[in-house]
Amino acid sequence: MFVFAWILFLNPMYGQDNPLKNNKESDSLKKHQLNEVIVTTSKREFKVESPMPVQILSGKQLEKLNSLSVADAVRYFSGVQLKDYGGIGGLKTINVRSLGSAHTAVFYDGMSVGNAQNGQVDLGKYSLDNIEAIELYNGQKSTIFQPARGFFSSNTLFLKTKIPDFSSGKTTKIRVGVKTGSFGLFNPSFLYQQKLSSNFSLTASTEWLKADGKYKYRYQKTNGYDTTAVRQNGDITALRSELALQAKVGTTGQATLKAYYYDSERGLPGAILANKYEYVQRQWDRNFFVHGSFQNSFSKNYELLANIKFSRDYNRYIDPDYKTLQGALDNKYYQNEFYASVVNQYTIKEWWKVSLATDFSINTLTANLYRFPYPTRYSYLGALSTEMHWSRLDIQANLLGAYVDEQVKYYQQGDSQHVFCPVVSASYQPFDTKKFRVRAFYKESFRMPTFNDLYYTFIGNSSLKPEFTTQYDFGSTYIIEPKKFLQSASFQADVYYNHVKDKIVAMPSANLFRWTMMNLGEVDITGFELNTNFVFRFPEEIFLDLGLSYTYQKAIDVTPKGTTYGDQIPYTPMNSGTATSSISWKNWQLNYSFIYTGERYSQKANIPVNYVKPWYTSDMALIWDGKFLKLPTKVGAEVNNIFNQYYDVVLNFPMPGRNYRLSMSVNF
C-alpha cells in the first residue's frame, strides 16, 4: 500500500501549475524522450538506437505467422530454443541463448509473471487473440524507466495486449472470432472495447479452448520395429478472461487496473519410452492476478511509475499409477504473491537522466503434503540507473542490488542472499546516417533457486546459492530504404559470450534413486545471431516481405573436473534458423514460414545414445481481409508442417505431423 500512499502524497503537486501544460515545453520534452528510432519491417521491428539487442513482432507481423499461442510466435526469434512437449496442451517454455528458462523474465503489460515454485512460465497458455506485440530483449529493456525486476533477468520477454483506439469516432468496438481444425480444436474468442468518457475506457476479452490433442506420430526403434501410433491423453480445456480499465491522468499521465483469470484442465501425454504409449496423469491450473499501474509527470523533470499486484496460482497433479498410503497421488499447490514497485526518474539535463527503482515482493507456497516446508520468500530489489543521450552516442549504466530472505516451517533454514550486479551498455552512430548503429553491453545477473530446487521432497537443497550469469554482447543494426523495387532492407547482427557460474544441477546422493540439487555446473556460451528483412514492391501493388534469421551457438560444459567437460549442453543446437515470407495483393495474403533446428544431445554426455536428429517444419497460410455485409471480416486457412515431418523437440515427446486450422473474425 505504500505505493498508493506515495501517489496520494505527490498528487497535490499535480493540481498546481504544471509546466507540461505549456505546449512548447511539452513538445520539447516529448522530442527529448523519443530517443529511439523504431523501424518496421516485414516480420520484425528493430529499435535502432537500443544498446540492447531487441526483436519485436507486432500487429500485422504477428498475423502473418501461423501461430496459435505466444509460444508458437517466439520460435521465429533468433537465439531462442522453445522446449515443446508436444501438442496443444503440452508445456512450452523459452530458453534464450542457452541460459535456461529461469533466466528469462516474462512481462505481461509491464507486470512480471512467474512461478516461484519451479521457475517455469508456460507460454502455451498465452493466446495471441488479444496480443498486440511481443518484444524479446537480450540483457534488459533499453530504458531506465521500468520496475527493478526488469533489470535483474538475463533476458526479458514483453507481452503487450491490444490498446483501445477510438480515433475513428466509434465509442464501442466488438470483435468475435473462432478457430477450428486438427486435434479436435474449437477456439471461440470475444473482445469488447468501450469508451466510457474522454478519459476512461474499458476492455474485456475472453476465449475458450478445447482440443482432444490426438495426432499420429511415428515410433522407431534402432534395429527394431517401426510403427505409427496416435498420441493419447493430450487433451486440454481452457478458459481465459481479462478485464482492464484504462484512464488518462491530466495531460501526460495514465493509470490502468487489470484483472486476469486462466483456468485449464489437461492431460499429460508423457514420454514414449519402453513401449509405453499411454498415460493417465492429469493437471489442473488456475491463475488469477489483479494489477494496478500509475504513471505521471509531476513536473518538467520528474516522472513517477508505480505498480502493485496480487496473484494467486493453483496447481493440481494427479497420477493414478503412483500409489500412496492415501491412494493415488494427488498433489495440490497454492502460490500467492504480493508485489509493489516504485520508479522515480529525474531529468538532470536535456541529455542526462537518472532513475531509482525499488521493488518489494512476498511469495508463499503451500501444499497438501505431509511436513511441507511452507516457504515464504521476501525479496527487496533496487536499481540505480543513469542514461546519457547525445546526437550519436547513448550510454546506460545500472547498479543492481538485491536482498532475499526466506522463512520455512519444516526444513533447514536457508541463508539470506545479498547480491550486487553492474550493467553497462552503449549505442553509437559512427557515420552521418542515423540508420546504422553499433552497440555493446556487459551485464551481470542472477536467478534465485526455485522453491522446488530448495525444498522439493528428497531432492531439495536449502543451502543452494543463486545461479550467476555474465553476458557480453557486440552488435550492429543497419536499415536502408531506397523506396524503389526494394522498399526496405534491414540487418541486425550480434556476437556474444555468456558465462554461467554455480549452475544448479541434479546430482545423485546416497544412491542412484535419490538425487539432490547442487551448485556444481559452469557453462561457457559463444554465439552469433543474424536477422535480415527485405520488402519488395512489384507492379499491381504486389508486395513481398522476406525475413531470414540464423543462429550459431556453442554452449559447452566447463565444470572443473566434470565428466562431460567440453561437451555441448543438452538441447542446444549449434545451427538454427528461420525463414518467413509473405505476398500481399489487395485483400489477399499468402504466408510461408520455415524453421530449422540442428542436431542436439538430450543429455550432458555427447554420446550416440543421446543424439537427437535435426528437424525442420514448413507452414503456409492463406488470408482474406476485407468486408462482408459491410463488416470488417478476416478469414484464414492454414496448413502446418506441410511435409508431414516426424520430429521431437524434446526427446521421446513426438510433435504433430501435418495439421490444419481455419479461422474467422468479424469486427462490429
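What's counted below: heavy atoms across the whole structure, side chains too, no hydrogens, waters or symmetry copies.
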Exercise. With a distance cut-off below 6.0 Å to the six-membered ring centre and an angular limit of 45° from the axis, does K141 pair with F158 as a cation-pi contact?
Worked result: yes

For this session: Kindly state whether the ring of F436 and the ring of F431 have centres lying under 6.0 angstrom apart.
Result: yes

For this session: Determine whether H103 and T469 make a side-chain contact, defined as any pair of heavy atoms from C-beta on separated by less than 4.5 Å.
Result: yes

Problem set entry | salt bridge (Lys or Arg N to Asp or Glu O under 4.0 Å) partner of D122, the single match among K92, R266, K83 | R266

Exercise. According to the interplanar angle, ranging from 0 to 90°, do the rings of F446 and F468 count as parallel (below 30°), tilted (30 to 60°) or perpendicular (above 60°)?
Worked result: tilted

Exercise. Is the OH atom of Y646 crowded by more than 12 outside heavy atoms at less than 6.0 Å?
Worked result: yes

Exercise. Any salt bridge between D394 and R437, counting N to O under 4.0 Å?
Worked result: yes

Seminar exercise, completed: Test ring pair (Phe, Tyr, Trp, His ring centres under 6.0 Å), reference F594, set F643, Y616, Y76, W615, output is Y616

Exercise. Counting only heavy atoms not in Y442, do more than 12 fall under 6.0 Å of its OH?
Worked result: yes

Exercise. If you measure from the Lys or Arg side-chain nitrogens to the Asp or Glu carboxylate oxygens, is any gap between E132 and K160 under 4.0 Å?
Worked result: no

Problem set entry | Short N-O contact, E522 and K501, less than 4.0 angstrom | no

For this session: Could you tell me which residues satisfy side-chain contact (heavy atoms from CB on, under 4.5 Å) with S355, sequence neighbours excluded, listed by chain and number?
Result: I144, Q345, S385

Exercise. Just wondering, do T617 and Y647 contact through their side chains at under 4.5 Å, heavy atoms?
Worked result: yes

Problem set entry | Quiz item: cation-pi between K276 and Y279, 6.0 Å / 45° | yes

Exercise. Does the side chain of I94 reach to within under 4.5 Å of the side chain of L123, using non-hydrogen atoms?
Worked result: yes

Problem set entry | Residues that P53 engages under side-chain contact (heavy atoms from CB on, under 4.5 Å), provided they are two or more places apart | R97, N138, R439, F441, D473, D494

Problem set entry | Main-chain N/O of I525 paired to N498 side chain as donor or acceptor, under 3.5 Å | no

Problem set entry | Any L128 side-chain heavy atom under 4.5 Å of V70 side chain | yes

Exercise. Would you say Y472 and T470 make side-chain contact, with heavy atoms under 4.5 Å?
Worked result: yes

